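Please read the structure below before turning to the comments.
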Amino acid sequence: MTGVPKFTTLGCRLNAYETEAMKRMAEEAGVSDAVVINTCAVTAEAVRKARQEIRRLRRENPDAKLIVTGCAAQTEPETFAAMAEVDTVIGNTEKMSPETWAGMAADFIGDTERVQVNDIMSVTETANHLIDGFGSRSRAYVQVQNGCDHRCTFCIIPYGRGNSRSVPAGVVVDQIKRLVDQGYNEVVLTGVDLTSWGADLPAEPKLGDLVMRILKLVPDLPRLRISSIDSIEVDENLMQAIATEPRLMPHLHLSLQHGDDLILKRMKRRHLRDDAIRFSEEARKLRPEMTFGADIIAGFPTETEAHFENSLKLVEDCALTWLHVFPYSPRQGTPAARMPQVNGKAIKDRARRLREAGDLAVERHLSAQVGRTHQVLLEAADMGRTEQFTEVSFATPQPVGQIVEVAISGHKGGQLLAAS
């Protein structure tokens with residue numbers, strides 16, 4: 001067989017990281033003439049998109065072996081095994097095992113079980129994969145944690161990822177040193193429930209301990225960024241890092257989900273509205289330039305207009321800038337799917353109103369940056385991101401992967417404009 005395997009990634013940054021590890025394992029095993037899709041299961045819509053993408057990949061690659069993996073494959077293996085386009089389904093644990101890919105290197109459909117998906121809840125460790133890059137020379141993602149011990153009523157992800165497992169700090173530091181040696185100027189720590197990092201390790205360290213250790217032991221790393229966090233679990237050392245470490249980027253993505261206390265309780269979240277507001281105020285007090293992203297669900301079961309208004313007001317109360325708005329869709333097997341559902345038209349309308357509030361927040365943020373100077377990491381010759389993760393457009397080509405200091409002259413189309 002000939003031909004390098006093709007990979008398609010859907011969903012989160014952790015999936016992106018795992019795809020890079022799979023590419024390396026597949027290459028080392030000699031897998032060829034294969035198409036691999038790494039799926040997401042966060043919503044019913046994500047599963048629908050995975051099926052749609054599978055059909056597209058089959059049309060474009062009629063003779064390749066098509067392998068489906070990721071969270072949707074883990075939670076619904078029978079759905080994908082039943083698709084005529086699919087040759088093999090492998091689970092989230094199996095996809096990170098070199099033995100799995102070695103078994104696919106020969107005539108793997110004849111030699112290998114068509115469905116390889118085991119009980120994710122029996123997994124107690126996270127496989128450590130040291131990878132050198134992500135195809136560009138700017139930003140790299142490092143997995144520090146996988147799985148989740150919480151059971152939010154809307155969420156299927158623990159059944160796709162298993163219980164929380166942490167990567168030891170020493171392994172994380174070695175990975176980041178390796179990436180810095182390869183020329184990366186920014187590293188993003190990623191996981192399913194990032195702020196639970198360390199709970200299963202000796203002495204039960206916290207995420208803040210890991211952040212401080214990275215910044216101390218990798219002095220040549222210019223920028224460290226944290227992906228989505230649960231603000232109720234933020235520890236004292238992480239707050240100290242926010243206050244004192246300029247190399248920790250002033251941008252946090254908060255897993256808020258809603259702005260009403262009753263709905264938060266029905267979601268089985270561990271924070272209340274005032275907790276979110278208090279955290280955002282404290283973080284901005286420690287780091288005035290801090291910006292926040294947030295996940296918010298519109299139309300959760302039993303949500304009234306008054307409940308929704310509390311989510312809408314949260315955009316201002318927490319000074320949120322980057323909103324990820326999810327119109328609620330029931331996931332089979334979750335408690336929320338059995339709750340009284342909100343009318344679909346109302347869900348769509350509330351999601352629209354949240355997005356409009358988010359657009360206004362972005363507009364305010366962009367306008368406030370005009371005239372300021374930013375350190376911008378170049379992702380492409382004509383585009384980079386500020387410390388707050390805001391896109392900056394350049395009229396003249398810039399060195400990709402480098403950090404350049406620029407004055408902001410204006411903004412257009414959701415991007416800041418670099419002064420020429």
Side-chain angles (χ1 to χ4, degrees), residues 139 142 144-145 169 172 176 185-191 193-198 204-219 221-257 259 269-296 313-324 358 361-362 364-369 371-377 385-390 403 405 408 416:
R139 177 180 301 105
V142 172
V144 305
Q145 183 274 339
V172 174
I176 293 173
N185 281 321
E186 183 174 302
V187 165
V188 183
L189 303 184
T190 188
D193 181 26
L194 202 57
T195 33
S196 72
W197 180 87
E204 299 184 4
K206 302 289 187 181
L207 180 63
D209 302 322
L210 178 64
V211 167
M212 297 293 264
R213 184 167 178 177
I214 291 166
L215 293 169
K216 180 181 178 182
L217 296 180
V218 195
L221 172 67
R223 290 162 66 141
L224 180 66
R225 197 179 290 279
I226 299 173
S227 60
S228 184
I229 63 167
D230 204 335
S231 59
I232 199 69
E233 289 188 326
V234 168
D235 62 280
E236 194 174 316
N237 264 352
L238 186 53
M239 296 306 284
Q240 183 183 342
I242 289 169
T244 63
E245 293 286 356
R247 291 187 293 145
L248 178 63
M249 294 296 96
H251 167 255
L252 295 171
H253 190 84
L254 309 177
S255 179
L256 297 181
Q257 310 305 343
R269 300 294 294 165
R270 285 156 296 135
H271 73 275
L272 297 175
R273 174 191 183 81
D274 284 349
D275 296 323
I277 296 170
R278 193 179 309 114
F279 171 79
S280 61
E281 288 176 347
E282 179 66 16
R284 284 199 314 277
K285 196 180 298 178
L286 296 173
R287 195 85 174 267
E289 70 270 33
M290 180 68 74
T291 61
F292 300 108
D295 296 329
I296 301 183
K313 285 188 284 189
L314 199 66
V315 179
E316 299 242 356
D317 292 343
C318 285
L320 305 177
T321 300
W322 317 109
L323 293 193
H324 286 186
V362 170
R364 285 195 299 270
H365 170 71
L366 295 176
S367 296
Q369 307 313 307
R372 296 185 181 181
T373 299
H374 280 286
Q375 302 291 323
V376 177
L377 176 68
R385 290 186 190 267
T386 69
E387 304 91 332
Q388 290 97 343
F389 211 60
T390 312
I403 297 172
E405 183 174 283
I408 304 301
L416 297 174

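Residues: numbered from 1 along the sequence shown. All figures in this text were calculated on a predicted structure; none of them were measured in a lab.
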* To do: Write down the atom of L377, the atom of R223, and the distance for their closest heavy-atom approach.
  => N-NH1, 3.7 Å
Residues 248-256 side chain polar contacts: donor-acceptor under 3.5 Å, at least two apart:
unit_1 : atom_1 : unit_2 : atom_2 : d
H253   : NE2    : D295   : OD1    : 2.8
S255   : OG     : Q257   : NE2    : 3.0
S255   : OG     : R269   : NH2    : 3.1

* Do P205 and W197 have side-chain heavy atoms sitting under 4.5 Å apart? -> yes
* Structure fact -> In short, S228 meets L194 closest at the heavy-atom pair O-CB, 3.6 Å
* **Side-chain heavy-atom pair W322, T390 within 4.5 angstrom cut-off** => yes
* Quick one: are R270 and D230 in side-chain contact, heavy atoms under 4.5 Å? -> yes
* What are the two closest heavy atoms between F292 and A283, and how far apart are they? -> CZ-CB, 3.8 Å
* **Straight-line distance of I277 CD1 to K313 NZ, nearest 0.5 Å** => 9.5 Å
* **Closest contact, heavy atoms only, L320 versus A294** => CD1-CB, 3.8 Å
* Got a sec, which residues hit side-chain hydrogen bond (donor to acceptor under 3.5 Å, both in side chains) with D235, two or more places apart in sequence or on another chain? -> none
* Will you find, in the side chains of Q388 and T291, an N or O donor that is under 3.5 Å from an N or O acceptor? -> no
* **Option from H271, R273, R278 for which side chain to side chain donor-acceptor pair (under 3.5 Å) with D275 holds** => R278
* So which heavy atom on S280 is nearest to which on C318, and how close? -> OG-CA, 3.5 Å
* **Student check: side-chain heavy atoms of N237 and V211 closer than 4.5 Å** => no
* Non-hydrogen side-chain atoms of T190 and V142 separated by less than 4.5 Å -> no
* Asked: What's the spacing between I408 CD1 and L416 CG if we round to 0.5 Å?
  -> 4.5 Å
* Structure fact -> Here the gap from R247 atom CZ to I214 atom CD1, rounded to the nearest 0.5 Å, amounts to 10.0 Å
* Can you find a pair of side-chain heavy atoms, one from I403 and one from V376, that are under 4.5 Å apart? -> no
* With H374, which of R385, E405, Q369 fulfils side chain to side chain donor-acceptor pair (under 3.5 Å)? -> Q369
* Asked: Would you say the side-chain atoms of S196 pair up with the backbone N or O of D193, donor to acceptor, closer than 3.5 Å?
  -> yes
* Asked: Is there side-chain contact between E245 and L224, with at least one heavy-atom pair below 4.5 Å?
  -> no
* **Nearest-0.5 Å distance that lies between atom CD in E186 and atom CZ in F389** => 7.0 Å
* With the side chain counted from C-beta on, respond yes when K285 and E282 share a heavy-atom pair under 4.5 Å apart, and no when they do not. => yes
* To the nearest 0.5 Å, how far apart are CZ in R225 and CD in E387? -> 8.5 Å
* Structure fact -> When rounded to the nearest 0.5 Å, the distance separating CG of L238 from CD1 of I229 is 6.0 Å
* To do: Could you tell me which residues satisfy salt bridge (charged side-chain N to carboxylate O under 4.0 Å, His left out) with R287, sequence neighbours excluded, listed by chain and number?
  => E289
* N-O pairing of D209 and K206 below 4.0 Å -> no
* Are any side-chain N or O atoms of S227 and backbone N or O atoms of L189, one a donor and one an acceptor, separated by less than 3.5 Å? -> yes
